[in-house]
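What follows is one structure encoded as structure tokens, with my remarks underneath.
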Amino acid sequence: MKCAEKEFKKNDKADYSNPTLGLTPVRKRIRAENYSRPTHRTVYNGVLLLTLPDQVPEENLLIACFSGGCRMSVRTRFAPSPTGFLHIGGARTALFCQLHTRRLGGTFILRIEDTDRERSTQQAVDAILDGLHWLGLDPDEGPFFQSDNTPLYLAAAQRLLEEGKAYRCTCSKESIDALRESQREQQIKPRYDGRCRDRHDQPTDQPYVIRFRTPSEGSTAWEDQIQGTIRFPNDELDDLVLVRSDGSPTYNLAVVVDDHNMGITLVLRGEDHISNTPRQIHLFQALGWPVPEYAHMPLLHGSDGSKLSKRHGAVSVLQYREDGFLPDALNNYLVRLGWSHGEQELFTRQEMQTLFDVRQVGRSAAIFNLSKLLWINGNHIRTATPQQLLPELIYQLAKRGIQQPDPQWLLQVIPEFQTRAKTLVEMADKCLFLFAESVLPYEEKAAQKHFYTANVQSIIALHDGLQQLPEWQAAAIEACFRQVVADLQLEMGQLAQPVRVALTGTASSPGIHETLFLLGRERALRRLQEAVSLLPNNK
RNA sequence: GUCCCCAUCGUCUAGUGGCCUAGGACGCCGGCCUCUCACGCCGGCAACACGGGUUCGACUCCCGUUGGGGACGCCA
């Protein structure tokens with residue numbers, strides 16, 4: 001994109017001769033500088049296209065195209081349909097697409113497949129964009145919208161029609177539904193029987209769809225980068241609809257035209273698209289275009305072994321942010337589903353980008369496993385810097401009503417919890433006692449076990465010792481604490497545990513000295529006093 | 001039903017004919033460390049779906065069976 005735009009200068013002459021563009025001939029030759037109003041800019045295959053979306057396609061489909069002279073060698077695309085949020089399966093596909101281009105210095109493209117105008121929503125587009133962004137999967141080019149390219153698809157269909165490679169079909173939807181129904185009853189594969197395929201009239205006075213004349217003999221095969229050789233007998237395939245009766249293009253047509261125009265070299269997608277592939281290869285061949293390479297990745301399954309769906313808790317990837325996961329931890333988890341590198345489990349983004357090779361991806365489906373994700377997330381939390389964790393922790397604290405905590409202080413808090421939390425949610429929950437006005441009432445079990453049996457004198461001694469500390473510093477606090485333990489001939493635990501309950505209300509926390517320090521002198525002393533007042537004043 | 005794909009511990013995986021009495025990781029269990037909780041460390045349980053071939057030799061190659069998944073739309 002950058003290359004092509006750099007190449008574009010206002011006074012450049014339009015180049016209409018680029019053979020890689022499978023477009024209808026340009027009717028009007030218009031120089032770009034004649035256009036003062038905004039044109040639609042789309043980059044295809046390193047070539048900048050300027051089009052006017054509001055123009056009748058036949059009139060001027062392509063206003064100007066400028067040869068970029070710079071072709072990326074490797075180009076992949078992630079092509080979601082905007083009918084819902086980005087879930088973890090889609091995220092994995094996008095990740096693989098991006099990783100494939102990273103090692104090879106290629107380009108990762110986002111294309112929104114919104115040819116089904118009824119089901120596509122702007123809300124879903126935004127959700128997908130947000131999800132990708134959070135995961136660091138922003139595209140190098142795009143997002144492109146198929147709805148902007150309708151004229152291109154229709155032009156391709158028109159050409160196939162003119163060349164006899166497609167035909168008009170006037171079968172009603174009802175009659176075809178009935179056909180499929182009866183085929184199902186006969187237990188044969190439901191498919192269009194081609195009843196309009198050989199009629200010589202091409203009626204345009206009644207509603208029709210444009211169907212592709214699928215080769216009826218031979219077979220279609222490709223060398224899948226993940227699955228190996230896949231072969232389909234052509235007689236398994238029926239004549240697919242390219243253009244609907246309302247004049248809108250369908251998925252398979254749009255995909256082929258875009259994949260060609262965008263110079264996609266590797267179509268990397270879920271294996272639920274395997275059965276579309278022979279149809280798309282036919283279209284490439286019919287249009288006289290080179291066929292890209294394919295890689296179909298195994299699907300992600302839910303715990304019952306079927307395709308991941310909402311009932312398996314397949315939620316938006318952004319839910320993982322809410323749940324306290326780090327984007328790279330999620331990426332790390334996802335990349336290990338179907339791919340491995342020796343015995344390494346933990347990968348940084350950088351490592352994934354240099355090591356990932358789509359040809360090493362396994363062929364069998366994987367089941368989503370939360371506990372492994374948690375473990376990986378815990379590792380990423382531990383290896384992150386406090387600075388990196390800071391915004392996410394603040395975000396989680398805000399959800400708990402903690403407004404504008406002191407970031408400098410939080411940077412001291414975070415290291416104490418990095419080994420103790422598998423998610424940021426857990427971290428926020430565990431450090432909440434630091435913010436509370438009071439930790440009363442104490443957790444029942446903790447109080448029973450450590451608090452009521454405590455030695456009041458020792459707590460008083462600690463309180464007084466700490467109170468006299470000239471400076472509230474970690475080392476001084478520890479020395480003071482140890483002094484009290486030694487003076488009263490106690491075990492560490494005999495003092496640390498009741499103090500811990502007093503400070504946190506629970507039986508677990510970071511080290512007791514660190515906890516005292518983080519709490520600050522004022523709050524620490526107040527909580528110790530509070531504890532003393534609650535204990536039976538004997539001994 | 002038809003076509004396509006898949007098949008190693010519960011889960012993610014290593015394994016490309018002898019290095020495998022199958023390795024690692026998560027989880028689980030036991031222990032160590034220890035002021036608690038974690039982290040870390042040590043140990044344990046646990047798998048080649050089944051049946052035929054091919055071969056001196058199969059987890060690895062071939063065929064079949066079974067099981068699982070996917071696709072069969074004027075959805076993508």
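Here is how names work: the chains are called A, B, and so on, in the same order as the sequence lines, proteins then strands, and each is numbered from 1.
- Taking atom C1' in both B/C62 and B/U16, the straight-line distance is 15 Å, to the nearest Å.
- Atom P of nucleotide B/U36 and atom NZ of A/K430 are separated by 15 Å, given to the nearest angstrom.
- Across the interface with RNA chain B, nearest-nucleotide mapping of A/G342 and A/Y192 shows A/G342 to be the residue nearer the 5′ end.
- One P atom belongs to B/G15, the other to B/G24, and the distance between them is 15 Å to the nearest Å.
- A/T506 comes within 4.0 angstrom of nothing in the nucleic acid, heavy atoms only.
- Taking 3.5 Å as the limit, the base of B/A76 and the side chain of A/D114 contain no donor-acceptor pair of atoms between them.
- Geometrically, A/R211 does not engage A/Y167 in a cation-pi contact, judged by NZ or CZ lying under 6.0 Å from the ring centre and within 45° of the ring axis.
- Heavy atoms of A/H301 sit under 4.0 angstrom from primed sugar atoms or phosphate atoms, though from no base atom.
- Put simply, CZ on A/F212 is 18 Å from C1' on B/G73, counting in whole angstrom units.
- Using P as the reference atom, B/C72 and B/A58 are 42 Å apart when rounded to the nearest Å.
- Aromatic rings of A/F78 and A/F96 (six-membered ring for Trp) have centroids beyond the 6.0 Å cut-off, not under it.
- Counted within 6.0 Å of NE2 on A/H341, heavy atoms from surrounding residues, nucleotides or ligands total 12 or fewer; the atom is thus considered open.
- Contact annotation: A/R382 reaches the phosphate of B/G40 (side-chain N/O to OP1 or OP2, under 4.0 Å).
- Base-pair partner of B/A49: B/U65 (Watson-Crick or G-U wobble, both distances under 3.5 Å).
- A heavy atom closer than 4.0 Å to some atom of RNA chain B occurs in A/R363, A/S364, A/A365, A/A366, A/I367, A/N369, A/S371, A/K372, these being the qualifying members of residues 361-373 of chain A.
- Going from the P atom of B/C9 to that of B/A46 covers 14 Å, rounded to whole Å.
- Of the nucleotides present, none pairs with B/U21 by Watson-Crick or G-U wobble criteria with both distances under 3.5 Å.
- Taking side-chain N and O atoms only, A/K449 has no distance below 4.0 Å to OP1 or OP2 of B/U36.
- Note on A/D429 versus A/R400: salt bridge recorded, some NZ/NE/NH1/NH2 to OD/OE distance being below 4.0 Å.
- For the P atom pair drawn from B/C33 and B/C42, the interatomic distance equals 15 Å after rounding to whole Å.
- The side chain of A/S306 has B/G69 as its nearest neighbour among B/G69, B/C3, B/C74.
- Taking atom CG of residue A/D357 and atom P of nucleotide B/A14, one finds them 13 Å apart after rounding to whole Å.
- Distances from the side chain of A/Q227 to the nucleotides B/C6, B/G23, B/C74 place B/C6 closest.
- Checked by distance alone, A/R420 brings a side-chain donor or acceptor within 3.5 Å of a matching partner on the base of B/C37.
- At whole-Å resolution of the value, CH2 in A/W375 and P in B/G40 are 8 Å apart.
- Straight-line distance from the CD atom of A/E181 to the C1' atom of B/C72: 14 Å, rounded to whole Å.
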Show your working on side-chain contact (heavy atoms from CB on, under 4.5 Å) between A/L432 and A/L397 and close with a plain yes or no.
CA-CA 8 Å; A/L432 219 46; A/L397 287 172; 4.1 Å; yes

Protein and nucleotides 32-35 of chain B: nitrogen or oxygen contacts under 3.5 angstrom:
residue, atom, partner, partner atom, Å
B/C35, O2, A/R500, NH1, 3.1
B/C35, O2, A/R500, NH2, 2.8
B/C35, N3, A/I512, N, 3.2

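- Within 6.0 Å of the CD atom in A/Q206, the count of heavy atoms belonging to other residues, nucleotides or ligands exceeds 12.
- Between A/D114 and A/P82, the shortest heavy-atom distance links the atoms CB-CG, 3.8 Å.
- Mapped onto RNA chain B by nearest heavy atom, A/I176 and A/G338 fall at different nucleotides, with A/G338 at the one closer to the 5' end.
- With both ends at atom C1', the span from B/U55 to B/G70 equals 36 Å, rounded to whole Å.
- When distances are taken from the side chain of A/A507 to each of B/U36, B/G27, B/A76, the shortest belongs to B/U36.
- Across all strands shown, B/A38 forms no Watson-Crick or G-U wobble pair with both distances under 3.5 Å.
- Rounded to an integer number of Å, the gap from A/D272 CG to B/A76 C1' is 9 Å.
- At a threshold of 4.0 angstrom between heavy atoms, the contacts of A/N252 with the nucleic acid are absent.
- Applying the side chain to side chain contact (heavy atoms under 4.5 Å, CB included) rule to A/R382 yields the partners A/N379, A/T419; only residues at least two apart in sequence or on another chain are considered.
- Using modelled atom types and a 3.5 Å distance limit, the side chains of A/N234 and A/S219 yield no donor-acceptor pair.
- Listed by chain and number, the residues in a side chain to side chain contact (heavy atoms under 4.5 Å, CB included) with A/D193 are A/L179, A/R195 (sequence neighbours excluded).
- Counting any heavy atom pair closer than 4.0 Å across all strands shown, A/V209 reaches a base atom.
- Here B/G73 is the nucleotide among B/G70, B/G73, B/U36 with the atom lying nearest to any side-chain atom of A/R184.
- For A/T115, the side-chain atoms get nearest to B/A76 when compared with the rest of B/G70, B/U2, B/A76.
- Of the side-chain N and O atoms in A/R117, none sit less than 4.0 angstrom from OP1 or OP2 of B/C74.
- Rounded to whole Å, atom P of B/C39 lies 14 Å from atom CG of A/L346.
- Taking atom C1' in both B/C35 and B/G27, one finds a spacing of 29 Å when rounded to whole Å.
- A/T419 comes within 4.0 angstrom of a nucleotide base, judged by non-hydrogen atoms across all strands.
- As rounded to the nearest Å, B/G52 and B/G68 have P atoms that lie 23 Å from one another.
- For A/R180 and B/G73, the shortest distance from a side-chain N or O to OP1 or OP2 is below 4.0 Å.
- For A/S275 against B/C72, a side-chain-to-base donor-acceptor contact under 3.5 Å is absent.
- Across all strands, A/Y251 comes closer than 4.0 Å to base atoms (heavy-atom distances).
- Between A/K372 and A/E345, at least one side-chain N (NZ, or NE/NH1/NH2) sits under 4.0 Å from a carboxylate O, which counts as a salt bridge.
- Of the side-chain N and O atoms in A/K307, one or more sit less than 4.0 angstrom from OP1 or OP2 of B/A71.
- Partners of A/F232 under the ring-ring contact (aromatic ring centres under 6.0 Å, His included) rule, at least two apart in sequence or in another chain, do not exist in this structure.
- Every side chain to side chain donor-acceptor pair (under 3.5 Å) that A/E223 has, sequence neighbours left out, goes to A/T229.
- Look at CD1 on A/I414: it is 17 Å from C1' on B/A38, rounded to the nearest Å.
- The partner of B/C26, taking Watson-Crick or G-U wobble pairs whose two distances both stay under 3.5 Å, is B/G10.
- Panel note: side chain A/Q344, backbone A/L346; a donor-acceptor pair is recorded below 3.5 Å.
- In this structure, A/S340 reaches the sugar-phosphate backbone alone: every heavy-atom distance under 4.0 Å involves primed, P, OP1 or OP2 atoms, never a base.
- Among the heavy atoms of the strands lying under 4.0 Å from A/E345 is at least one base atom, whether or not backbone atoms are also near.
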